[in-house]
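In what follows, every heavy atom counts, from backbone to side chain, and hydrogens, waters and symmetry copies are set aside. Source: prediction; values computed, not measured. Chain letters run A, B, ... following the sequence lines, proteins first and then strands; every chain starts at 1.
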Amino acid sequence: MSVRVRFAPSPTGYLHVGGLRTALYNYLFARHHNGKCILRIEDTDRTRFVENATENLIKYLSWAGIEFDESLVEGGDYGPYVQSERFDLYREHAQILLESGNAYYAFDTPEEIDAMRQRQQAAGIAPKYDRSVMRNQYTLGDSETKNLIDGGAEFVIRLKVPAMSEVRFSDIIRGEVVVQSKDVDDQILLKSDGFPTYHLANVVDDHLMQITHVIRGEEWLPSTPKHVLLYDFFGWERPQFAHLPLLLNKDKSKLSKRQGSVAVEDYVEKGYFKEAFVNFIALLGWNPTADREIFSMQELIDNFSLEKVNKSGAVFDTTKLDWMNSQYLRILPFSDILEMLKPVLEKHNFVGFDDEYLLKVIDLLKERVIFVYQIPVFAPYMFEEIQEFEIEYMNKHWKENTTEMVKELLQKFIETTDFSHSNLSAITKQYVESLGMKLGNIIHPLRLMITGKSVGAGMFETMEVLGKEKSINRISKFIEMKESGKI
RNA sequence: GGUCCCAUCGACUAACGGUUAGGUCACCAGCCUUUCACGCUGGCAGUAGGGGUUCGAAUCCCCUUGGGAUCACCA
């Protein structure tokens with residue numbers, strides 16, 4: 001039987017980084033086994049409906065390079081892929097459970113349930129639906145139950161958890177898990193509005209969609225016994241479960257909004273490459289070899305296995321992500337970087353540069369920054385005239401004879417027709433040597449005049465990219481300013 | 001609190017009974033150098049604690065401790 005997995009997010013607004021990792025592992029697992037990866041939208045909670053949330057989810061999943069074989073976009077043979085379009089199915093299945101005696105009607109109001117919990121808490125026992133005293137099919141009797149329903153009373157359908165037995169299941173990542181059924185609550189399956197809860201919808205859909213492996217976050221582990229019971233009651237074969245370790249805040253609690261960005265879109269906004277982000281996320285909780293850090297999507301697919309997924313949670317610390325981004329800045333095709341650079345430059349109002357020039361600038365600076373957006377911040381002088389000179393830098397390197405030297409060197413720059421960095425270097429070195437001086441005596445003043453800053457890429461490389469005209473103009477202009485005492 | 005899950009450097013992790021407990025990020029130092037980076041070299045730093053099992057335990061078992069998740073007519 002071929003592998004079929006699903007990513008089943010609830011459209012509550014944005015794609016969570018933990019959700020992205022779950023989606024990614026599902027995707028990697030499916031691709032690794034030549035199986036199918038399905039996207040199913042779990043929108044059974046009408047009170048949490050968020051406009052455009054599904055579109056947003058799909059947008060960022062797609063940004064990350066995660067493709068689905070079946071979804072509301074691609075279609076497929078097991079649709080619809082949106083739970084709100086499958087309500088009849090859930091009602092039918094709840095009915096099956098009712099008839100087989102594995103589920104029952106209950107009529108308690110939220111207030112009554114609340115009162116029950118308070119009594120239990122006061123008595124120091126775990127809050128759990130008390131089938132023997134609440135208003136339900138068993139305490140009311142079948143005829144009264146029928147009367148209530150016929151009379152239009154609101155009801156829910158609850159799972160009838162067996163009194164004394166063990167629920168056990170095996171998890172690919174965690175091994176055998178055993179829970180006593182007395183600790184499992186009579187979960188509501190169908191809400192009073194007729195909509196299913198996650199538990200029912202999830203099991204029905206996973207079965208109907210022939211999902212072979214349920215790969216989801218660890219937060220679902222405590223409710224898995226309910227799901228297992230449902231599979232058994234329906235007489236269905238259970239899928240294999242794999243509960244992924246959680247992504248954590250620095251304080252080790254479940255990754256949350258309060259302690260930093262958790263929305264994938266925030267990281268896109270911050271300028272991370274999708275390749276770096278996916279690579280980073282993939283290695284949080286799973287590691288194929290440990291002697292390697294950089295993996296392309298295809299390499300992740302080739303190496304992926306659920307057996308190597310860790311059991312313990314991973315702190316989502318982006319320090320390493322920054323390093324990865326810098327690595328990708330070096331290995332990614334120039335054309336990709338160029339496309340990211342253009343909109344960034346526009347924001348700075350640095351316009352009118354041709355691709356050829358921009359490519360040279362990227363090559364010049366990519367090893368000195370970790371984000372594309374830092375290029376114009378690190379080296380604005382590549383895109384505009386110098387706004388400000390670092391005075392301290394000037395004071396440190398500008399001696400009495402510097403102006404004279406610079407003038408002579410400028411003359412040589414003007415005379416040369418070869419403005420390559422190697423030739424510029426040769427000219428300059430020859431000149432300082434003729435004076436019996438060191439390169440450092442002239443290169444810092446040069447850097448100051450050309451860039452205004454004390455830090456940057458190789459000086460002659462910078463001049464080459466900037467070009468003869470601009471380089472010479474900046475030097476002449478600076479000398480004028482210097483001699484007229486303007487600086 | 002009940003139930004369940006988890007536990008190797010600060011972080012991500014490797015070692016699936018035998019290693020001086022390895023790698024990466026971060027941090028520190030040195031080298032390189034034209035500044036800043038990159039790069040290279042080296043360094044700091046870990047098996048939560050206690051019992052077993054075994055010739056031998058990070059690894060298997062138990063207890064303790066710690067952390068987390070979950071206990072909704074949310075997913």
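Taking atom C1' in both B:rC36 and B:rA69, the straight-line distance is 46 Å, to the nearest Å. On the P atoms, B:rG43 is 46 Å away from B:rG1, given to the nearest whole Å. Straight-line distance between the P atoms of B:rG30 and B:rC6: roughly 46 Å, to the nearest whole Å. Of the P atoms belonging to B:rC12 and B:rG18, the separation is 25 Å, rounded to the nearest Å. When the C1' atom is used for both B:rU24 and B:rC5, the distance is 28 Å, rounded to whole Å. Rounded to whole Å, the separation between the P atoms of B:rA26 and B:rU20 comes to 30 Å. When the C1' atom is used for both B:rG49 and B:rG67, the distance is 15 Å, rounded to whole Å. Using C1' as the reference atom, B:rG46 and B:rU19 are 15 Å apart when rounded to the nearest Å.
With sequence neighbours excluded, the residues forming a ring-ring contact (aromatic ring centres under 6.0 Å, His included) with A:Phe383 are A:Phe350, A:Phe353, listed by chain and number.
Using the six-membered ring where Trp is involved, A:Phe371 and A:Tyr373 have ring planes that are parallel, under 30° apart on the 30 and 60° scheme. In this pair, A:His227 and A:His199 present their aromatic rings tilted. The plane angle is within the 30 to 60° band. By the 30° and 60° cut-offs, the orientation of the rings of A:Phe316 relative to A:Phe277 is perpendicular.
In this structure, the nucleotide among B:rU24, B:rA75, B:rC36 sitting nearest to the side chain of A:Phe378 is B:rC36. Checking B:rA75, B:rC5, B:rG1 against the side-chain heavy atoms of A:Trp220 singles out B:rA75 as nearest. If you check B:rA7, B:rU34, B:rC25 against the side chain of A:Glu461, the one that comes closest is B:rU34. Side-chain proximity of A:Trp323 to B:rA26, B:rC36, B:rG68: nearest is B:rA26. Set against B:rA75, B:rC36, B:rC73, the side chain of A:Val156 has B:rC73 as its closest nucleotide. The side chain of A:Arg174 approaches B:rC5 more closely than any other nucleotide in the set B:rC5, B:rU34, B:rG68. Listed nucleotides B:rU35, B:rA69, B:rC5 differ in distance to A:Leu246; the shortest reach to its side chain belongs to B:rA69.
Here B:rA69 presents its C1' atom at 14 Å from CG of A:Leu244, a figure rounded to the nearest Å. Taking atom CZ on A:Phe295 and atom P on B:rU24, their separation rounds to 13 Å, with Å as the unit. Distance CG (A:Leu424) to P (B:rU34): 16 Å, rounded to an integer number of Å. When rounded to the nearest whole Å, the span between CG of A:Asp186 and P of B:rC71 equals 16 Å. For A:Asn249 and B:rA69, the CG to C1' distance is 13 Å, given to the nearest whole Å. The CD1 atom of A:Ile188 sits 13 Å away from the P atom of B:rC71 (whole-angstrom rounding). Nucleotide B:rU33 holds its C1' atom 13 Å from the NZ atom of A:Lys438, rounded to whole Å. Distance A:Phe195 CZ to B:rC73 C1': 12 Å, rounded to the nearest Å.
Aromatic ring centres of A:His207 and A:Tyr231: separated by at least 6.0 Å. Taking the six-membered ring for Trp and the full ring otherwise, the centers of A:Phe304 and A:Tyr25 sit less than 6.0 Å from each other. Taking the six-membered ring where the residue is Trp, the centroids of A:Trp398 and A:Phe478 are separated by under 6.0 Å. With ring centers used as reference points, A:Phe29 lies 6.0 Å or more from A:Trp286.
A:Lys250 has no side-chain polar atom (N or O) that falls below the 4.0 Å cut-off from OP1 or OP2 of B:rA26. An OP1 or OP2 oxygen of B:rC71 is reached within less than 4.0 angstrom by no side-chain nitrogen or oxygen of A:Arg117. For B:rC25, neither phosphate oxygen OP1 nor OP2 lies less than 4.0 angstrom from any side-chain nitrogen or oxygen of A:Arg292.
No contact: A:Ala201 has no heavy atom under 4.0 Å from any strand. Among the atoms of the strands shown, only primed sugar atoms or phosphate atoms (P, OP1, OP2) are found under 4.0 Å from some heavy atom of A:Pro196. In this structure, A:Asn441 reaches neither bases nor backbone, as no heavy-atom distance under 4.0 Å exists between it and the strands shown. Contacts of A:Thr224 with the nucleic acid, taken as non-hydrogen atoms under 4.0 Å apart, are absent. Contacts of A:Gly458 with the nucleic acid, taken as non-hydrogen atoms under 4.0 Å apart, include base atoms.
Checking B:rC31 for Watson-Crick or G-U wobble geometry (two distances, each under 3.5 Å) identifies B:rG39 as its partner. In this structure, B:rU3 and B:rA69 make a Watson-Crick or G-U wobble pair, each of the two defining distances being under 3.5 angstrom. In this structure, B:rA14 forms no base pair with any nucleotide, since neither Watson-Crick nor G-U wobble geometry is met with both distances under 3.5 Å. The nucleotide B:rG56 finds no pairing partner, because no Watson-Crick or G-U wobble arrangement with both distances shorter than 3.5 Å includes it.
Where A:Asp43 and A:Gln187 each meet RNA chain B at their nearest nucleotide, the meeting point lying more 5' is that of A:Gln187. Across the interface with RNA chain B, nearest-nucleotide mapping of A:Lys254 and A:Arg330 shows A:Arg330 to be the residue nearer the 5′ end.
Of the listed residues (A:Thr145, A:Asn136, A:Asp186), just one forms a side-chain hydrogen bond (donor to acceptor under 3.5 Å, both in side chains) with A:Tyr104, and that residue is A:Asp186. The side-chain contact (heavy atoms from CB on, under 4.5 Å) test with A:Arg6 is passed by exactly one of A:Asp206, A:Ile215, A:Asp205: A:Asp206.
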Any N/O pairs under 3.5 Å between the protein and nucleotides 8-14 of chain B? List them or say none.
from: B:rC12; atom 1: OP1; to: A:Val315; atom 2: N; distance (Å): 2.6
from: B:rC12; atom 1: O2'; to: A:Leu283; atom 2: O; distance (Å): 3.0
from: B:rC12; atom 1: O2; to: A:Lys320; atom 2: NZ; distance (Å): 3.1
from: B:rU13; atom 1: OP1; to: A:Gly285; atom 2: N; distance (Å): 2.2
from: B:rU13; atom 1: O2'; to: A:Asn287; atom 2: ND2; distance (Å): 3.2
from: B:rA14; atom 1: OP2; to: A:Asn310; atom 2: ND2; distance (Å): 3.4

Under 3.5 Å, which N/O atoms of the protein pair with N/O atoms of nucleotides 2-4 of chain B?
none

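Within the cation-pi definition used here (under 6.0 Å to the ring centroid, within 45° of the axis), A:Arg158 qualifies as a partner of A:Tyr129. Cation-pi geometry between A:Arg238 and A:Phe241 is not met: the NZ or CZ atom fails to fall both under 6.0 Å from the ring centre and inside 45° of the normal.
For A:Arg48 against B:rC74, a side-chain-to-base donor-acceptor contact under 3.5 Å is present.
Between A:Lys360 and A:Asp363, no side-chain nitrogen of the basic residue sits less than 4.0 Å from a carboxylate oxygen of the acidic one, so the salt-bridge criterion is not met.
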